[in-house]
Q: 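This structure is in structure tokens; I'll ask about it shortly.
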Amino acid sequence: MHFGFRRFQRRDKKNDGQIKSIRQKLAGQSVVLVGLMGAGKTAIGKRLAAKLEIDFVDADTEIELAAGKSIEDIFAEHGEAYFRDGEKRVIARLLKERTQVLATGGGAFINDETRHSILQNALSIWLRADLDTLMQRVSRRSNRPLLQTDDPKAVMQKLIDERYPVYAEAHMVVQSRNVPHDVIVSEIVKELDKYLTAKQNKA
Ligand code: S3P
């Protein structure tokens, strides 16, 4: 019992050091999560931000706040092109803010301007997931305009085919799957540490 507790304390301290060092190495840059609908960007992003002790921001929520209406209403009343334009502007603004974990909507990184800006000014992590995992997760809610079709699975497969080569440009990739979110968060922290340390050693 006693030894177990001491071991726990030691591991916790090591973890604190790793988190602090990641924050220092980020030097003001944000961590941006990219990937398809259902990849877990928001759920995992919130936990990652808590772990890194930095703010969490959800780009879609910020777009809704700026527009004063939901994503569904923006699509329905103004169309996708209008939404994409707002998305681009909101993310450009968010990238200028201090270090944060930023969850982006699935289409954000596909926009050339947004992607270049994220690649230049932030650290991007692609949360990659397979079709079944994505479908299982998105079927819990019906708030995604792109999936309001007769065959959402076919749409998702098409998006995988079109977007995965683009998401692959992200700085890091972590496989999102059906394990507790904290497992994925730990893998992200490990990847971030590895990436930032290698970058520092190269400089
Ligand atoms: C979209 C993904 C959504 C939202 C909008 C369009 C996309 O965000 O931005 O419905 O093009 O993939 P999530 O990826 O957070 O679901």
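Whatever order the structure lists ligands and atoms in, that order sets their numbers, starting from 1.
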Q: By number and element, which atoms of ligand 1 are closer than 4.0 Å to a non-hydrogen atom of Asp60?
A: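 Those qualifying, in numeric order: 3 (C), 4 (C), 8 (O), 9 (O), 13 (P), 15 (O).
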Q: Please tell me whether Met172 and Ile22 are part of a single hydrophobic cluster in this structure, the criterion being side-chain heavy atoms less than 4.5 Å apart.
A: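 Yes; Ile22 is reachable from Met172 via cluster members.
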Q: Identify, for atom 12 (O) of ligand 1, the protein heavy atom at the shortest distance, and state residue, atom and that distance.
A: Arg163 NH1, 2.7 Å
Q: Hey, which atoms in ligand 1 end up nearer than 4.0 Å to a heavy atom of Pro145?
A: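 Within the 4.0 Å cut-off of Pro145, ligand 1 contributes 10 (O).
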Q: Hey, which atoms in ligand 1 end up nearer than 4.0 Å to a heavy atom of Arg84?
A: 6 (C), 7 (C), 11 (O)
Q: Checking side-chain polar atoms at under 3.5 Å, does Asn178 have a donor or acceptor matched by the opposite partner on Gln136?
A: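 Side-chain D/A pair, Asn178 to Gln136: present.
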Q: Below 4.0 angstrom from a heavy atom of Arg144, which ligand 1 atoms are there? Numbered from 1 as shown, please.
A: 16 (O)
Q: Report, in ascending order of atom number, the atoms of ligand 1 lying under 4.0 Å from any heavy atom of Gly107.
A: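 By the 4.0 Å cutoff, the relevant atoms are 7 (C), 11 (O), 12 (O).
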Q: Name the closest protein heavy atom to atom 2 (C) of ligand 1, giving the residue it belongs to and the distance to 0.1 Å.
A: Gly106 N, 3.3 Å
Q: Please determine whether a side-chain nitrogen of the Lys or Arg among Arg137 and Asp132 lies less than 4.0 Å from a carboxylate oxygen of the Asp or Glu.
A: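 Looking at Arg137 and Asp132, the cut-off is not met.
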Q: Measure Val138 to ligand 1 on non-hydrogen atoms and call it side chain, backbone, both or neither using the 4.0 Å cut-off.
A: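 It is neither; nothing of Val138 touches ligand 1.
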Q: Can a side-chain donor-acceptor contact be found between Lys199 and His171 if the only test is distance below 3.5 angstrom?
A: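 No, no side-chain donor-acceptor contact under 3.5 Å.
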Q: Nearest heavy-atom pair of Gly38 and Arg144: which atoms, and what distance?
A: N-NH2, 3.9 Å
Q: Check whether Leu102 and Leu119 end up in the same hydrophobic cluster, where Ile, Leu, Val, Met, Phe, Trp and Tyr are linked by side-chain heavy atoms less than 4.5 Å apart.
A: yes
Q: Under a single-linkage definition using a 4.5 Å side-chain heavy-atom cutoff for Ile, Leu, Val, Met, Phe, Trp and Tyr, are Ile125 and Phe56 assigned to the same hydrophobic cluster?
A: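 As far as the 4.5 Å side-chain criterion goes, Phe56 and Ile125 are connected within one cluster.
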Q: Around atom 14 (O) of ligand 1, find the nearest protein heavy atom and jot down its residue, atom name and distance.
A: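 The answer is Lys41 NZ, 2.5 Å.
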